[in-house]
Amino acid sequence: PLGGLIGPLIGLLIKLSGNTVGLSLVVISGIFYSILQIIPYMWVQYITFSCFSLFKSALFTASATFITEIFGAKNIGTVTGVLFIVSSVTTSFQSVLFDASENYFAGNFFYANLFILILGILTLYHPVLMMFKAYKPMQPKYAAFKSKYQDKLIDIKEFKRHSHIF
């Protein structure tokens with residue numbers, strides 16, 4: 001039930017602050033979930049389960065919002081289908097990790113969870129890349145271009161309002 005409440009909040013946060021902040025929060029919450037999953041105490045696993053339900057809701061909300069804004073409403077079904085296929089193939093590799101944990105590490109899932117945590121940390125690349133592209137300071141070359149063609153440039157706020165890229 002709490003996951004149903006977090007979805008609209010994440011959607012509102014993404015709408016107000018942009019995709020970069022929303023996706024960053026989703027990735028950070030996934031990393032936090034992976035860290036909690038490594039801790040071998042039962043009381044921590046109750047918190048981990050709650051964190052996972054919030055993370056899953058935020059992930060689906062952020063994905064749907066991102067897909068809609070980037071690819072448009074016409075392509076939601078196609079892009080979401082491709083996303084689910086890729087995620088299903090990726091998720092199927094987890095069973096190999098867990099089988100290795102049972103057979104080679106005597107049931108110790110620490111290394112499998114650590115590997116998933118490292119992959120989660122690597123996914124920070126996308127929001128960080130988006131942040132640097134969105135907040136890139138004006139380059140001298142662009143400043144000279146801007147001063148020469150000022151009357152032909154459009155206002156970035158006006159562009160964002162009409163563009164599906166941002």
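On a predicted model such as this, the values are computed, not experimentally measured, just so you know. Starting from 1, each residue takes its place in the sequence as its number. Only heavy atoms go into these numbers, but all of them, side chains included; no hydrogens, no water, no symmetry mates.
Taking OG1 from Thr123 and CD1 from Ile118, the interatomic distance works out to 12.5 Å, rounded to the nearest 0.5 Å. Here CG of Leu117 is found 4.5 Å from CD1 of Ile38. Values are rounded to the nearest 0.5 Å. For the atom pair OG1 (Thr90) and CD1 (Ile85), the distance works out to 11.5 Å, reported to the nearest 0.5 Å. Distance check: Leu36 CG to Ile47 CD1 gives 7.0 Å after rounding to the nearest 0.5 Å. Rounding to the nearest 0.5 Å places CD1 of Ile116 at 12.5 Å from CD1 of Ile121. Interatomic distance, CG of Leu25 versus CD1 of Ile14, reported as 8.5 Å (0.5 Å rounding).
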message = Run the side chain to side chain contact (heavy atoms under 4.5 Å, CB included) test on Leu13 and Leu9 for me, step by step, so that the C-alpha distance in whole Å, both residues' side-chain angles and the decisive distance to 0.1 Å come before the verdict.
response = CA-CA 6 Å; Leu13 177 72; Leu9 294 176; over 6 Å; no
task = Could you go through the side chain to side chain contact (heavy atoms under 4.5 Å, CB included) check for Ile10 and Thr65 one step at a time?
result = CA-CA 9 Å; Ile10 293 291; Thr65 304; over 6 Å; no
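By the 6.0 Å contact criterion, CZ on Phe109 is enclosed, its count of non-hydrogen atoms from other residues, nucleotides or ligands being greater than 12. Counting heavy-atom neighbours within 6.0 Å of Phe115 CZ, excluding the residue itself, gives a total of 12 or less. Within 6.0 Å of CZ in Phe49 there are 12 or fewer heavy atoms belonging to other residues, nucleotides or ligands.
Below 30°, between 30° and 60°, or above 60°: for Tyr33 and Phe52 the angle between ring planes is between 30° and 60°, a tilted geometry. Classified by interplanar angle (parallel below 30°, tilted 30° to 60°, perpendicular above 60°), the ring pair Trp43/Tyr41 is parallel. Between Tyr111 and Phe105, the ring planes lie tilted relative to each other; the angle falls in the 30° to 60° range.
Between the side chain of Ser87 and the backbone N or O of Phe84, at least one donor-acceptor pair lies under 3.5 Å. Remark: the backbone N or O of Gly77 is not paired with any side-chain donor or acceptor of Thr80 at under 3.5 angstrom. The backbone N or O of Ile39 sits less than 3.5 Å from a side-chain atom of Gln45, completing a donor-acceptor pair. Listed for the Thr78 side chain is no donor-acceptor partner under 3.5 Å among the backbone atoms of Asn75. Proximity of a side-chain donor or acceptor of Ser53 to a complementary backbone N or O of Ser50 within less than 3.5 Å is detected.
Among all heavy-atom pairs drawn from Ala62 and Val26, the shortest one is CB-CG2, 3.6 Å. Summarising the geometry of Cys51 relative to Ser29, their closest heavy-atom pair is SG-O, 4.2 Å, with the distance given to 0.1 Å.
Note on Ile31 and Phe110: same hydrophobic cluster, where clusters join Ile, Leu, Val, Met, Phe, Trp and Tyr whose side-chain heavy atoms are under 4.5 Å apart, directly or indirectly. With hydrophobic clusters built from ILVMFWY side chains whose heavy atoms lie under 4.5 angstrom apart, Ile35 shares a cluster with Val27.
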